[in-house]
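Single-structure report; data block below.
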Protein chains: 4
Amino acid sequence: MPRKPGTADRAGGGDSKSQRTRARILDAAAHVLSVKGFAGTRLTDVAEYAELQAPAIYYYFPSREDLIEEVMYCGIMDMREHLQKTLDALPPGTSPMDRISAGVEAHLRHELELSDYTTASIRNSGQVPEHLRTRQKKEEAAYGRIWQGLFADAIADGEIRADLDPRMARLLVMGALNWAAEWWEPRRDSVEDIVTNAQILVRNGLSPSPAPKRRAR
Amino acid sequence: MPRKPGTADRAGGGDSKSQRTRARILDAAAHVLSVKGFAGTRLTDVAEYAELQAPAIYYYFPSREDLIEEVMYCGIMDMREHLQKTLDALPPGTSPMDRISAGVEAHLRHELELSDYTTASIRNSGQVPEHLRTRQKKEEAAYGRIWQGLFADAIADGEIRADLDPRMARLLVMGALNWAAEWWEPRRDSVEDIVTNAQILVRNGLSPSPAPKRRAR
Amino acid sequence: MPRKPGTADRAGGGDSKSQRTRARILDAAAHVLSVKGFAGTRLTDVAEYAELQAPAIYYYFPSREDLIEEVMYCGIMDMREHLQKTLDALPPGTSPMDRISAGVEAHLRHELELSDYTTASIRNSGQVPEHLRTRQKKEEAAYGRIWQGLFADAIADGEIRADLDPRMARLLVMGALNWAAEWWEPRRDSVEDIVTNAQILVRNGLSPSPAPKRRAR
Amino acid sequence: MPRKPGTADRAGGGDSKSQRTRARILDAAAHVLSVKGFAGTRLTDVAEYAELQAPAIYYYFPSREDLIEEVMYCGIMDMREHLQKTLDALPPGTSPMDRISAGVEAHLRHELELSDYTTASIRNSGQVPEHLRTRQKKEEAAYGRIWQGLFADAIADGEIRADLDPRMARLLVMGALNWAAEWWEPRRDSVEDIVTNAQILVRNGLSPSPAPKRRAR
DNA sequence: GATGAATGAGCATTCATTCAT
DNA sequence: AATGAATGAATGCTCATTCAT
């Protein structure tokens, strides 16, 4: 039962056995959290998934809440880093709408392929008590701001319909993407296809009607 | 907080006090469920919200699970009825895309204005154990089939871009709508505005580019 | 297994079954606490002694700590009331030293005959965390002040040796009394005898050497 | 904080580093035990106070219970040795009551100045399970016998009031001394003063009434 | 119809103890 | 000689559920 990568490095120090156990617990927590929700996440289940005994968790995390807090935080933090990296890698002249398309792909790929963390983070935003979301909310805001920037640029370039409210349009788009985790079944649809469909939908949904059709991406 | 009928028959008699108490409990359960999630829904909280004592619930429902099952079922069932009624009320000649637009409005209004049931049902689809979702899943499928029909009609009339996969497009659209419950704040946005923005986004996202029929991408 | 009386009335309302259960739990807690100490007091043991299941305790007390806090508080409060009543019942002209003697008897009788509460309270003063002792400390101080008064009167009347420090003398006396609970075995010594011996010891220990010997009490 | 020998032989070798670590652990245990009580004494706390990790304790003691047993034993054993030494050092002709006075001083000084062991031993007599007190009880009895002897001698010399029961008088006196640990605050009272007051109280408390002014101290 | 009282199952957490290193 | 890592046995506490009234 191979664990997700991607967290081991986050924990700081070297790649000792201890580091790996900690990461394994975090991964397990992300998994359980994404499936069972905040209140349904039992340390017993986390432990079982991480292949150790529940009390061992306390060697690495001070409490269930701290563990969950970290999962929630890592969720969007990873997502934001991933999006930022993707955008930074785009060639300088890329048009705002193309950048949005790239963002759509980044978001979907991270959400669907990489990470229980993201789904955990997304699905439980509403259920986790406020005091566990301080760090997460900061990241969420930062993530939102990136998208705001993308939209603002597109508007400045006249690439977004004037009859759309930028904020609502953005949130509706994010919703379409976030919700994908709820219905996506790996066996049925390729991420590839979902990305393509989402990009078409978003691009056309946002673009002014008599769109001066440029080539995408 | 008027509650839907549709449960009235299940409880037996007319609109007695008993009926109303039962409805109050169901409402309360929907509310708590939509906020706290499946595992976080405690009968104590439900009872408090319904202004009675927890054991009283057992007079109306055999168990916590049954209560939740019913909320989940009612959520999607009400939604379907609402959508169906809206569509049936449309004038005969209404174009498929206009019917989709009407569906978007119906979905959003029901989700945001009317009902904790719908949000409870939507948010907890992934958390409630399978055996409590038998009826709900049937309704979900039925609800999906209505939308499938709407999309099929639109495709038949050439109102949906050929480069979109009908199923994925539909699911992405539903996601945008469903997610609205996560970010909507009554004080900030009017449902009116959300509806309008969603309709624009969906209509343009789905419609073929109006330009001299080649195709994009 | 007959429970101690003396608490039922303290709980306020009538003498309902609920009242009695609450008192039974409190009594049991006092007993266990006096024997096992603060950290050693397990709710399981309390429950067993009170002849119910541990979670039932939570129906009457919000937490283990609250339960213990109440025992500790009741301990000295009862003691203080008992002492005060005894002193108030003394004939007006009673000499200070005779009043001290009466106090010695009151203290010993309450400690040895009546109450696990007092022993619990006395023995655990040092072990119970500060924040649980707010009420108790107030009572303790009040109790101490009564004795201070008794000693002050005796000094004013020249009934206490000048070479004794009033405070230390008082604390040493209290120690002799408090400690009796540690060695007293009902089968071996009668309370009667302990009282007599303590009274002799205290009276002579405190009185100026060439004492104008009056008869006691 | 110099620790008593007397345990040295039990550990084998000379005064190696190992010896000192063992003593440090024992000291720490005595300290924690005297403050938190039997059930409240956690190896973690002992270890922290001894400046090492909890599992290290097992290198020196087979179990928590053994460690505590030894503290309890040492407490009373040290006390007995101390008392015995003090008495042995008294000049041959010393009167019984003067010997008692010397005993009072020895007891108080050891309890207050020297030793967490004694307070641990005294305070936890009632809380530590019987099977850990075998050695301690033997010592306690021995210690008691010394005092019994002192009292017997005093009685033989007519230095103790006939209306006092020797055993109860002795236990009451011991209580006054033992309890001092509960209220003594180094900053407020000097041990000197406590000793003086206790000696006065005890001597006068025990002595026959019209003491024809023979000795002062 | 509804509540007060109580229970049993389960969960987070603590802690003595073990073991490999 | 000592520690990091892990575990099993408790223990406090919560919560759905029952039952007598």
Side-chain angles (χ1 to χ4, degrees), chain A residues 16-18 20-22 25 39-47 50-68, chain B residues 16-18 21-22 25 39-47 50-68, chain C residues 16-22 25 39-47 50-68, chain D residues 16-18 20-22 25 39-47 50-68:
Chain A
S16 60
K17 191 193 165 201
S18 180
R20 268 175 286 124
T21 308
R22 191 190 135 95
I25 294 172
T41 296
R42 295 179 308 221
L43 289 194
T44 319
D45 293 348
V46 173
E51 290 172 313
L52 38 71
Q53 300 301 93
I57 295 174
Y58 286 84
Y59 191 81
Y60 298 92
F61 298 89
S63 74
R64 186 189 101 116
E65 296 211 329
D66 282 85
L67 172 58
I68 290 180
Chain B
S16 58
K17 190 192 165 203
S18 178
T21 309
R22 191 191 137 93
I25 294 173
T41 296
R42 294 176 309 207
L43 288 194
T44 317
D45 293 348
V46 173
E51 290 174 313
L52 39 70
Q53 300 297 327
I57 294 175
Y58 286 85
Y59 191 82
Y60 299 91
F61 298 89
S63 75
R64 171 184 183 267
E65 296 211 328
D66 284 270
L67 171 57
I68 291 180
Chain C
S16 60
K17 193 193 165 202
S18 180
Q19 295 292 325
R20 268 176 284 123
T21 308
R22 191 190 135 95
I25 294 173
T41 296
R42 294 179 309 221
L43 290 193
T44 318
D45 294 348
V46 174
E51 290 173 313
L52 38 71
Q53 299 301 94
I57 294 174
Y58 287 87
Y59 192 82
Y60 298 92
F61 298 90
S63 74
R64 187 189 100 118
E65 296 211 330
D66 282 86
L67 172 57
I68 291 180
Chain D
S16 60
K17 192 193 164 201
S18 178
R20 267 175 286 125
T21 309
R22 191 190 138 93
I25 294 173
T41 296
R42 292 177 311 207
L43 288 195
T44 316
D45 293 349
V46 174
E51 290 174 314
L52 40 69
Q53 302 296 328
I57 295 174
Y58 287 86
Y59 191 83
Y60 299 93
F61 298 89
S63 76
R64 169 182 183 269
E65 296 210 329
D66 284 271
L67 171 58
I68 290 179

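Every value quoted in this text rests on a predicted model; they were computed, and no experiment measured them. The sequence lines fix the lettering, A, B, ..., with proteins before strands; numbering per chain opens at 1.
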- Task: Any chance you could measure D:Leu52, atom CG, to D:Ile25, atom CD1, to the nearest 0.5 Å?
- Result: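 Rounded to the nearest 0.5 Å, the CG-CD1 separation comes out at 5.0 Å.
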
- Task: First locate atom CD of C:Gln19, then atom CZ of C:Arg22, and finally report the distance between them rounded to the nearest 0.5 Å.
- Result: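 Result: 7.5 Å between the selected atoms.
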
Round to a whole Å and report the spacing from [atom1] of [X] to [atom2] of [N].
X       : N      : atom1 : atom2 : value
A:Tyr60 : F:dT7  : OH    : C1'   : 13 Å
A:Leu67 : E:dA12 : CG    : C1'   : 12 Å
B:Leu52 : E:dG4  : CG    : C1'   : 15 Å
B:Ile57 : E:dG1  : CD1   : P     : 16 Å

Has [X] got a side-chain N or O lying under 4.0 Å from the OP1 or OP2 atom of [N]?
X       : N     : answer
A:Ser18 : F:dA5 : yes
A:Thr21 : F:dA6 : yes
C:Tyr59 : E:dA5 : yes

- Could you write nucleotides 13-21 of chain E as a row of B, S and -, 5' to 3', where a protein heavy atom under 4.0 Å of any base atom gives B, of only sugar-phosphate atoms gives S, and otherwise -? BBSSBB---

- Item | Candidate nucleotides E:dA2, E:dG4, F:dA6, ranked by approach to the side chain of B:Gln53 - the nearest |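 The listed nucleotide nearest to B:Gln53's side chain is E:dG4.
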
- Determine to 10° how strongly the helix from E:dA2-F:dT21 to E:dT21-F:dA2 is bent, judged from the axes of its five-pair ends.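 If I round to tens, the end axes sit 20° apart.
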
- Message: Over all strands shown, is B:Phe61 touching base, sugar-phosphate only, or nothing at heavy-atom distances under 4.0 angstrom?
- Response: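 The residue B:Phe61 makes no contact with any strand.
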
- Sequence-distant partners of D:Glu65, side chain to side chain donor-acceptor pair (under 3.5 Å), two or more places apart: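 In terms of side chain to side chain donor-acceptor pair (under 3.5 Å), with neighbours along the sequence ignored, D:Glu65 is linked to D:His131.
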
Donor-acceptor pairs under 3.5 angstrom involving side-chain atoms of residues 39-47 of chain A: please list them, not counting sequence neighbours.
from, atom 1, to, atom 2, distance (Å)
A:Thr41, OG1, A:Gly37, O, 2.7
A:Arg42, NE, A:Asp45, OD2, 3.3
A:Arg42, NH2, A:Asp45, OD1, 3.2
A:Arg42, NH2, A:Asp45, OD2, 3.0

- Return each pair, listed once, that meets side chain to side chain donor-acceptor pair (under 3.5 Å) where at least one residue sits in residues 54-64 of chain C; pairs must be two or more places apart or across chains.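 Output for this query lists C:Ser63-C:Asp66.
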
- Item | Pairing residues for A:Gln53 by the side chain to side chain contact (heavy atoms under 4.5 Å, CB included) criterion, not counting sequence neighbours |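 Counting only residues at least two positions away or on another chain, A:Gln53 forms a side chain to side chain contact (heavy atoms under 4.5 Å, CB included) with A:Pro55.
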
